[in-house]
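Single-structure report; data block below.
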Amino acid sequence: MRRILVTSALPYANGHIHIGHLVEYLQTDIWVRFQKLRGQRCVYICADDTHGTAIMIRARQEELGEEELIARMKRAHIDDFAGFDIEFDHYGSTNSQATREVCEEIWTALRKAGLIDEREVTQLYDAQAGTFLADRFVKGTCLKCNAPNQYGDSCDKCGAHYSPTDLIDPVSTLSNTKPEIRTADHLFVNIEKLHGFLDQWTQGEKHLQPEVANYLKGHFLCEPLRDWDVSRPAPYFGFEIPDSPGNYWYVWFDAPIGYIGSTVEWCQKHDERFDDWWRSPETEIHHFIGKDIIYFHTLFWPTMLKAAGFNLPEKVHIHGFLTVGGEKMSKSKGTFILASTFLDHLDPSYLRYYYASKLTARMDDIDLNFEEFVAKVNADMVGNIVNLASRTARFAGQTGLSAEYPDDGGLFAKAAADGQAIAEAYESGDFARAIRIIMAAGDRANQYVEQQAPWKLAKDPTKTDRLRDVCTVGLNLFRQLAVYLAPVLPRLARQTGELLGDPIVSWDQSQTPLLGIVVNKFEHMMRRVDPRQVEAMVAASAEPAEDDSPPESIPFDNDAPLLAEPLAETIGFDEFAKVDLRVARVLSAEDVPGAKKLLKLTLGLGGDNRLNVFAGIKGVYKPEELVGRLVICAANLTPRKMKFGTSDGMIVAAGGGGGEVYLLAPDHGAKPGQRVH
RNA sequence: GGGCCCGUAGCUCAGCGGUUAGAGCAGGGGACUCAUAAUCCCUUGGUCGCAGGUUCGAUCCCUGCCGGGCCUACCA
């Protein structure tokens, strides 16, 4: 029996679980359930990741203590996971005594190994907020291309990289004040000293998927590894470093240590010896993570474990991101779906199955396509698998199952033999392959039922024995598949156990038919999905950007605007069609010296097509908040000479003028140059 | 700029140095009526991104190009 410790990446206590997170937790949960079903000793450990600047800031914004914030979020996370049948053996927190102690232990080991260096670091400091600023909390003008409103580390206009201290006119996004430059002593882990070890660990012995190993080789390991800054000066929400008062461990130092800290708690609760799990050649550690945190888990983390004498991971399983409908999840499109919203509308088994049918051992992104989602749930799960039980269990309710397994033309034996390939697929993380094999077996079983036509046998009183045999085959083929699917569909496994009075607890149950038993009353095991449920879920998730979300109820609007500006006279379509309105992107916006109301805008219609437009919106919009956004412009107006230059068109806005100007904007997805019809 | 990965039927994907390249869904036709309008049978559909090379033989290996995605460390 193998001894396996499995982790998923710790969810950050700054937000709720969404369907993107669930790719990982479901993938891990399925793998863990598979191991347990196979009889392995397997423990699934996770925890909330609770430290860092973002938590500190959020707690401040919500006027909560950090402890209260992370406690609330942990409860929410646990509920979400439970709702999807994700079963941890222990769910802890990085903000725990156990994690603190392991941090200290690893820190001491790193010191002892001479891997810690101390160096001065210059950083921006927000005096008003009283904190050093991480890069993403600073905005300013790019020193290379002068693009305004760029984050602290790099410019997304020209791609330049720089230090936030080099930004022109830096502004803290926390307080909108100008930060000052301060220096502080930081502590670094000199991981270059373990370069040789990392080369060997990442490139040999299959601890990583080949594409990950290649990526690391071509990206990090081909040059000296840079030191890793693991300390942050106060104020910081985290653990203070014992031998460096006033400094705290950076959140990414203690996050993976949370795996160990959480294991310590589990050991205490279950009277297990800690060393059996993290300091034993008998134990395999398996981490499941997303491709966004590769280097923490494949470079820094092995370094820490190696230095402190803990087990190294047997394997780091890395998955890609989730897209929805081929695009990034989007709040405004309603595809940023929270776990809790999903559960409000749909059965968690649907997502478990859908993800399983798409997940492979590679770190490819997977796409959630709603049409396919509905098709797979209805065709595979209900139409194929559950249907097997549905179409035979009722007949079998009268007769029970035969005492001996009838001749089924080798179907049971074939599916039993498939177990090997299915198990290998699960083991390697290629759940999609496992599902394909299972579905093919389901197809064969449905063909069998079709050929035997139990509904005809049922009408002939002399064929009761034959009917019982056919149902015995049908239900056993179904049960076999329920066993194979048990890691993915624990509820279906439980229901199958109840139907046949024999709980599914072991993979081996797929190898022997169940005979001579009574079949309980059949009840629906899984509902078909109605596409309208999916639509409702998307609608409930839609949260248009900014503040123009649809109100709960339709508000009453008075007629003042219409009175102020009555409808114009009726025109024909032809006249309307003469106006060529286009989507345009504001490429630049600047004050016009001497003008009271005008801003000078350069509008891009895609490619090199540009319009210069003077717009009377000064004082309502600031130039910097216009740059980059999409507007609608009248593009075929005769150019008009104005005092400050020629205007090639107009941008379209609502409002009665004065301070009331509301620029119109297309919904997300519109492209510059598209005509408005 | 550099790196990693991908490009196979309308869609999602299998496959793989060797007979006529597969599945599911979608489309077309038929059967059945036990089952959650489920199931079964038949069927339409592909110059395996493009161009070279290696080979007796390439969708599969190599090179180049085109197209797409992601990453590019003291942000996560």
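The sequence lines fix the lettering, A, B, ..., with proteins before strands; numbering per chain opens at 1.
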* To do: Using a heavy-atom cut-off of under 4.0 Å over every strand shown, decide if A:Met439 touches base, sugar-phosphate, or nothing.
  => nothing
* **Rounded interatomic separation in angstrom, taking CG from A:Asn384 and P from B:C40** => 7 Å
* Using the P atom as the reference point in each nucleotide, state the distance between B:G24 and B:U39 in Å, no decimals. => 12 Å
* Structure fact -> Partner of A:Tyr353 under side chain to side chain contact (heavy atoms under 4.5 Å, CB included), picked from A:Ile435, A:Leu26, A:Asp347, is A:Ile435
* P-based separation of B:G53 from B:G69 [nearest Å] -> 32 Å
* Decide if the gap between the ring center of A:His21 and the ring center of A:Tyr12 is smaller than 6.0 angstrom. => no
* Aromatic contact, A:Phe239 with A:Phe253 (centres under 6.0 Å) -> no
* Please work out if A:Asp292 contacts a base, only the sugar-phosphate, or nothing of the nucleic acid, heavy-atom cut-off 4.0 Å. => base
* Phosphate OP1/OP2 of B:A38: any A:Asn378 side-chain N/O under 4.0 Å -> no
* To do: Measure the distance from CG on A:Asp364 to C1' on B:U12 and round it to the nearest whole Å.
  => 13 Å
* Interatomic distance, A:Lys328 NZ vs B:C71 C1' [rounded to whole Å] -> 13 Å
* Asked: Under 4.0 Å between a side-chain N/O of A:Arg433 and OP1 or OP2 of B:A14, yes or no?
  -> no
* Asked: Checking all strands, does A:Arg119 fall into the base, sugar-phosphate, or nothing category for heavy-atom contacts under 4.0 angstrom?
  -> nothing
* When rounded to the nearest 0.5 angstrom, what is the spacing between CD1 in A:Ile318 and CD1 in A:Ile294? -> 4.5 Å
* **Contact nearer the 5' end of RNA chain B, comparing A:Arg232 with A:Pro210** => A:Pro210
* Should A:Leu351 and A:Ile19 count as side-chain neighbours, where that means a heavy-atom distance under 4.5 Å? -> yes
* Structure fact -> Separation of B:C70 atom P from A:Phe321 atom CZ, nearest Å, is 9 Å
* Asked: Rounded to whole angstrom units, what separation is found between the CG atom of A:Leu216 and the P atom of B:U72?
  -> 13 Å
* Asked: Heavy atom of residues 385-401 of chain A under 4.0 Å from RNA chain B: which residues?
  -> A:Val386, A:Asn387, A:Ser390, A:Arg391, A:Arg394, A:Phe395
* **Toward the 5' end of RNA chain B, by each residue's nearest nucleotide, A:Arg527 or A:Phe220** => A:Arg527
* To do: Would you please indicate if the ring centroids of A:Trp228 and A:Trp252 are separated by under 6.0 Å?
  => no
* Inter-nucleotide P distance (B:C5, B:G57), Å rounded -> 29 Å
* What integer number of Å spans the C1' atoms of B:U59 and B:G22? -> 13 Å
* Asked: Do you know which of A:Asp469, A:Leu475, A:Val473, A:Val518 makes side chain to side chain contact (heavy atoms under 4.5 Å, CB included) with A:Leu401?
  -> A:Leu475
* Asked: Across the strands shown, which category fits A:Met363 at heavy-atom distances under 4.0 angstrom: base, sugar-phosphate, nothing?
  -> nothing
* Verify whether the ring centers belonging to A:His319 and A:Phe288 lie closer than 6.0 Å. => no
* Taking atom P in both B:A58 and B:C62, what distance in whole Å separates the two? -> 16 Å
* **Spacing of the C1' atoms in B:A23 and B:G15 (rounded, Å)** => 10 Å
* To do: Mark up nucleotides 26-31 of chain B, 5' to 3', with B wherever a protein heavy atom is under 4.0 angstrom from a base atom, S wherever such an atom reaches only the sugar-phosphate, and - elsewhere.
  => ------
* Sort out the partner of B:U39 for me: Watson-Crick or G-U wobble, both distances under 3.5 Å, none otherwise. => B:A31
* Examine A:Tyr248 together with A:His51 and report whether their ring centres are nearer than 6.0 Å. => no
* **Value in whole Å for how far the C1' atom of B:G15 lies from CZ of A:Arg362** => 12 Å
* Do any side-chain nitrogens or oxygens of A:Gln447 fall under 4.0 Å of OP1 or OP2 in B:C41? -> yes
* Would you classify A:Gln452 as touching base, sugar-phosphate or nothing, given that sugar-phosphate means primed atoms plus P, OP1 and OP2, and contacts are heavy atoms under 4.0 Å? => nothing
* Asked: B:C34 phosphate, OP1 or OP2: any side-chain N/O from A:Lys459 under 4.0 angstrom?
  -> yes
* Asked: What does A:Lys291 touch in the nucleic acid at a heavy-atom separation under 4.0 angstrom: a base, only the sugar-phosphate, or nothing?
  -> sugar-phosphate
